[in-house]
Visitor: 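Please read through the structure below; I'll follow up with questions.
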Amino acid sequence: MRLMLNNIEDAVDQKYLVIKSIKGQAEAGTVIHIMGAQTENDGINVKYRVTKTGQDYTCKFADVKQFLKWASSDNFVARYQDNLNPSDIRQYIKVRDTSFMASGGIPTLAGILVVLIVMLIIMIAGKIVWWQFLIGAVCMPVIIYFCVSTFYKRRRNKVMSQIYNKVSSAWEGGGVTLR
(Lines give C-alpha, C1' and ligand atoms only; values in the text may rest on other atoms or scores of the structure.)
Protein backbone atom coordinates (compact mmCIF):
# COMPACT_ATOMS: atom_id res chain seq x y z
CA MET A 1 0.00 0.00 0.00
CA ARG A 2 1.31 3.41 -0.91
CA LEU A 3 1.60 6.20 1.59
CA MET A 4 0.02 9.54 0.75
CA LEU A 5 2.61 12.23 1.39
CA ASN A 6 1.59 15.87 1.44
CA ASN A 7 4.63 17.35 3.16
CA ILE A 8 8.24 16.20 2.73
CA GLU A 9 8.89 16.55 6.46
CA ASP A 10 6.51 13.61 7.00
CA ALA A 11 8.99 11.38 5.14
CA VAL A 12 11.77 11.95 7.68
CA ASP A 13 12.80 8.83 9.60
CA GLN A 14 10.95 6.54 7.18
CA LYS A 15 12.23 3.86 4.80
CA TYR A 16 11.52 4.12 1.10
CA LEU A 17 12.08 1.87 -1.90
CA VAL A 18 13.92 3.57 -4.76
CA ILE A 19 12.03 3.13 -8.02
CA LYS A 20 14.24 5.15 -10.38
CA SER A 21 18.04 5.04 -10.15
CA ILE A 22 20.21 8.09 -9.58
CA LYS A 23 23.63 7.54 -11.14
CA GLY A 24 26.33 7.24 -8.52
CA GLN A 25 23.91 7.27 -5.60
CA ALA A 26 21.00 4.85 -5.26
CA GLU A 27 20.06 2.11 -7.71
CA ALA A 28 16.45 1.11 -8.36
CA GLY A 29 15.41 -1.57 -5.89
CA THR A 30 17.50 -0.33 -2.96
CA VAL A 31 15.97 0.70 0.33
CA ILE A 32 16.83 4.13 1.70
CA HIS A 33 16.26 5.75 5.07
CA ILE A 34 15.27 9.43 4.91
CA MET A 35 17.48 11.26 7.41
CA GLY A 36 16.25 14.81 6.82
CA ALA A 37 14.30 16.97 4.40
CA GLN A 38 13.95 20.70 3.87
CA THR A 39 11.56 22.69 1.73
CA GLU A 40 13.13 25.61 -0.10
CA ASN A 41 11.95 28.11 -2.71
CA ASP A 42 13.31 26.16 -5.67
CA GLY A 43 12.37 22.66 -4.46
CA ILE A 44 13.07 20.21 -1.68
CA ASN A 45 16.36 18.78 -0.43
CA VAL A 46 16.32 15.23 0.86
CA LYS A 47 19.15 13.69 2.90
CA TYR A 48 19.06 9.90 2.86
CA ARG A 49 21.13 6.85 3.73
CA VAL A 50 21.30 3.70 1.59
CA THR A 51 20.54 0.97 4.12
CA LYS A 52 22.79 -1.76 2.63
CA THR A 53 25.92 0.36 2.25
CA GLY A 54 25.36 2.96 4.97
CA GLN A 55 26.40 5.81 2.66
CA ASP A 56 24.72 9.18 3.00
CA TYR A 57 23.59 11.28 0.03
CA THR A 58 21.61 14.43 -0.67
CA CYS A 59 19.21 14.82 -3.56
CA LYS A 60 17.09 17.73 -4.80
CA PHE A 61 13.57 17.43 -6.19
CA ALA A 62 11.17 19.98 -7.63
CA ASP A 63 8.32 18.93 -5.32
CA VAL A 64 6.92 16.05 -3.27
CA LYS A 65 5.35 14.51 -6.37
CA GLN A 66 8.78 14.21 -8.02
CA PHE A 67 10.17 12.66 -4.82
CA LEU A 68 7.39 10.03 -4.86
CA LYS A 69 8.20 9.19 -8.50
CA TRP A 70 11.76 8.48 -7.40
CA ALA A 71 10.98 6.54 -4.21
CA SER A 72 7.87 5.14 -2.61
CA SER A 73 7.01 4.02 0.87
CA ASP A 74 7.20 0.25 1.02
CA ASN A 75 7.35 -1.52 4.36
CA PHE A 76 7.36 -5.00 2.83
CA VAL A 77 10.68 -4.63 1.00
CA ALA A 78 12.17 -2.51 3.78
CA ARG A 79 11.38 -5.25 6.29
CA TYR A 80 12.45 -8.26 4.21
CA GLN A 81 15.19 -6.86 1.95
CA ASP A 82 17.75 -9.32 3.37
CA ASN A 83 15.69 -12.27 2.07
CA LEU A 84 15.30 -10.84 -1.45
CA ASN A 85 17.87 -10.54 -4.20
CA PRO A 86 17.92 -7.54 -6.61
CA SER A 87 16.03 -9.37 -9.37
CA ASP A 88 13.21 -10.22 -6.93
CA ILE A 89 12.95 -6.57 -5.92
CA ARG A 90 12.89 -5.44 -9.58
CA GLN A 91 10.07 -7.91 -10.32
CA TYR A 92 8.22 -6.70 -7.24
CA ILE A 93 8.51 -3.08 -8.40
CA LYS A 94 7.38 -4.04 -11.90
CA VAL A 95 4.17 -5.81 -10.87
CA ARG A 96 3.28 -3.95 -7.66
CA ASP A 97 1.60 -0.80 -8.92
CA THR A 98 1.07 -1.16 -12.64
CA SER A 99 -1.64 0.84 -14.32
CA PHE A 100 -4.26 -0.65 -16.64
CA MET A 101 -2.34 0.41 -19.75
CA ALA A 102 0.91 -1.06 -18.42
CA SER A 103 -0.74 -4.33 -17.44
CA GLY A 104 -2.67 -5.29 -20.52
CA GLY A 105 -4.53 -2.24 -21.71
CA ILE A 106 -2.64 -1.94 -24.98
CA PRO A 107 -3.00 -5.65 -25.93
CA THR A 108 -6.69 -5.45 -25.03
CA LEU A 109 -7.31 -2.40 -27.19
CA ALA A 110 -5.27 -3.85 -30.06
CA GLY A 111 -7.16 -7.14 -29.88
CA ILE A 112 -10.52 -5.40 -29.87
CA LEU A 113 -9.59 -3.26 -32.88
CA VAL A 114 -8.31 -6.25 -34.85
CA VAL A 115 -11.45 -8.30 -34.13
CA LEU A 116 -13.74 -5.42 -35.08
CA ILE A 117 -11.86 -4.77 -38.33
CA VAL A 118 -11.95 -8.47 -39.26
CA MET A 119 -15.66 -8.66 -38.46
CA LEU A 120 -16.32 -5.52 -40.53
CA ILE A 121 -14.45 -7.01 -43.50
CA ILE A 122 -16.45 -10.25 -43.18
CA MET A 123 -19.70 -8.24 -43.00
CA ILE A 124 -18.77 -6.25 -46.12
CA ALA A 125 -17.98 -9.52 -47.92
CA GLY A 126 -21.54 -10.65 -47.17
CA LYS A 127 -20.71 -13.61 -44.92
CA ILE A 128 -22.53 -12.17 -41.88
CA VAL A 129 -25.44 -9.77 -41.50
CA TRP A 130 -25.59 -6.57 -39.47
CA TRP A 131 -27.22 -8.10 -36.37
CA GLN A 132 -24.50 -10.78 -36.19
CA PHE A 133 -21.90 -8.02 -36.46
CA LEU A 134 -23.54 -6.13 -33.58
CA ILE A 135 -23.64 -9.22 -31.36
CA GLY A 136 -19.98 -9.93 -32.14
CA ALA A 137 -19.02 -6.27 -31.61
CA VAL A 138 -20.51 -6.41 -28.11
CA CYS A 139 -19.38 -9.90 -27.06
CA MET A 140 -15.84 -10.05 -28.49
CA PRO A 141 -14.42 -7.01 -26.63
CA VAL A 142 -15.78 -8.39 -23.35
CA ILE A 143 -14.20 -11.78 -24.03
CA ILE A 144 -10.88 -10.22 -25.07
CA TYR A 145 -10.80 -7.94 -22.03
CA PHE A 146 -11.57 -10.86 -19.70
CA CYS A 147 -8.85 -13.06 -21.23
CA VAL A 148 -6.11 -10.40 -21.22
CA SER A 149 -6.90 -9.13 -17.72
CA THR A 150 -7.01 -12.71 -16.38
CA PHE A 151 -3.61 -13.42 -17.95
CA TYR A 152 -2.01 -10.35 -16.36
CA LYS A 153 -3.64 -10.92 -12.95
CA ARG A 154 -2.40 -14.52 -12.88
CA ARG A 155 1.10 -13.39 -13.86
CA ARG A 156 1.09 -10.74 -11.12
CA ASN A 157 -0.20 -13.21 -8.53
CA LYS A 158 2.44 -15.77 -9.53
CA VAL A 159 5.29 -13.25 -9.14
CA MET A 160 3.94 -11.96 -5.82
CA SER A 161 3.43 -15.53 -4.52
CA GLN A 162 7.01 -16.45 -5.37
CA ILE A 163 8.30 -13.37 -3.55
CA TYR A 164 6.10 -13.99 -0.50
CA ASN A 165 7.12 -17.67 -0.41
CA LYS A 166 10.77 -16.67 -0.50
CA VAL A 167 10.25 -14.32 2.42
CA SER A 168 8.09 -16.72 4.43
CA SER A 169 10.60 -19.56 4.05
CA ALA A 170 12.84 -17.64 6.47
CA TRP A 171 10.00 -17.53 9.03
CA GLU A 172 9.86 -21.32 9.47
CA GLY A 173 13.36 -21.65 10.93
CA GLY A 174 13.13 -18.46 12.96
CA GLY A 175 10.58 -19.66 15.45
CA VAL A 176 7.79 -17.39 14.23
CA THR A 177 4.38 -18.79 15.09
CA LEU A 178 1.43 -17.62 13.03
CA ARG A 179 -1.97 -17.96 14.67
Visitor: Within the 4.5 Å heavy-atom criterion, are M160 and N157 side-chain neighbours or not?
Guide: no
Visitor: Find the distance between CG (D63) and CG (L68) and round it off to the nearest 0.5 Å.
Guide: 9.0 Å
Visitor: Considering non-hydrogen atoms only, spot the tightest contact between C59 and Q25 and give its length.
Guide: CB-OE1, 4.3 Å
Visitor: How far apart are the closest heavy atoms of F133 and M119, and which atoms are they?
Guide: O-CE, 3.4 Å
Visitor: What pair of heavy atoms forms the shortest contact from A71 to I32, and how long is it?
Guide: CB-CD1, 4.4 Å
Visitor: Hey, could you give me the CG/CH2 distance between L17 and W70, rounded to the nearest 0.5 Å?
Guide: 10.5 Å
Visitor: Can you tell me how far the CG atom of D56 sits from the CZ atom of R49, to the nearest 0.5 Å?
Guide: 4.0 Å
Visitor: Between I8 and I34, is there a side-chain heavy-atom distance shorter than 4.5 Å?
Guide: no
Visitor: When you compare the side chain of D13 with that of M35, does any pair of heavy atoms fall below 4.5 Å?
Guide: no
Visitor: Do V114 and I124 sit in the same hydrophobic cluster, where Ile, Leu, Val, Met, Phe, Trp and Tyr count as joined when their side-chain heavy atoms come under 4.5 Å apart?
Guide: yes
Visitor: Got a second to check how far T108's OG1 is from L113's CG, nearest 0.5 Å?
Guide: 11.0 Å
Visitor: Could you walk me through whether K60 and D42 pass the side chain to side chain contact (heavy atoms under 4.5 Å, CB included) check?
Guide: CA-CA 9 Å; K60 189 168 193 159; D42 58 344; 2.7 Å; yes
Visitor: Does NZ in K69 sit with more than 12 non-hydrogen atoms of other residues, nucleotides or ligands closer than 6.0 Å?
Guide: no
Visitor: Side-chain heavy atoms under 4.5 angstrom apart, residues restricted to Ile, Leu, Val, Met, Phe, Trp, Tyr: same cluster for V142 and Y145?
Guide: no
Visitor: Does the side chain of Q55 come under 3.5 Å of the side chain of Y57 through a donor N or O and an acceptor N or O?
Guide: yes
Visitor: Find the distance between CG (L109) and CD1 (I112) and round it off to the nearest 0.5 Å.
Guide: 6.0 Å
Visitor: Show the nearest heavy-atom pair for residues P141 and V138, with the distance to one decimal.
Guide: CD-O, 3.7 Å
Visitor: What are the two closest non-hydrogen atoms of E9 and A37, and how far apart are they?
Guide: OE2-O, 3.9 Å
Visitor: Return yes if some donor-acceptor pair links the side-chain N/O of Q132 with the main-chain N/O of V129 below 3.5 Å, else return no.
Guide: yes
Visitor: Within a strict 4.5 Å, meaning less than it, do heavy atoms of the E40 and N45 side chains meet?
Guide: yes
Visitor: What I'd like to find out is whether the side chain of V159 reaches to under 4.5 Å of the side chain of Y92, using heavy atoms alone.
Guide: no
Visitor: For a ring-ring contact (aromatic ring centres under 6.0 Å, His included) check, start with the C-alpha distance between F67 and Y16, then their side-chain angles and the critical distance, and finish with the verdict.
Guide: CA-CA 10 Å; F67 170 75; Y16 282 80; 5.3 Å; yes
Visitor: Roughly how far, to the nearest 0.5 Å, is the OG1 atom of T53 from the CD atom of E27?
Guide: 11.0 Å
Visitor: Scan T150, I144, V148, I143 and name whichever one has a side chain to side chain contact (heavy atoms under 4.5 Å, CB included) with F146.
Guide: T150
Visitor: Per the side chain to side chain contact (heavy atoms under 4.5 Å, CB included) rule, which among T30, V50, V31 passes with V18?
Guide: T30
Visitor: Any side-chain heavy atom of I44 within less than 4.5 Å of one from Q66?
Guide: no
Visitor: Please report the closest heavy-atom contact between A28 and S21, naming both atoms and the distance.
Guide: N-OG, 2.7 Å
Visitor: Counting only heavy atoms not in K20, do more than 12 sit closer than 6.0 Å to its NZ atom?
Guide: no
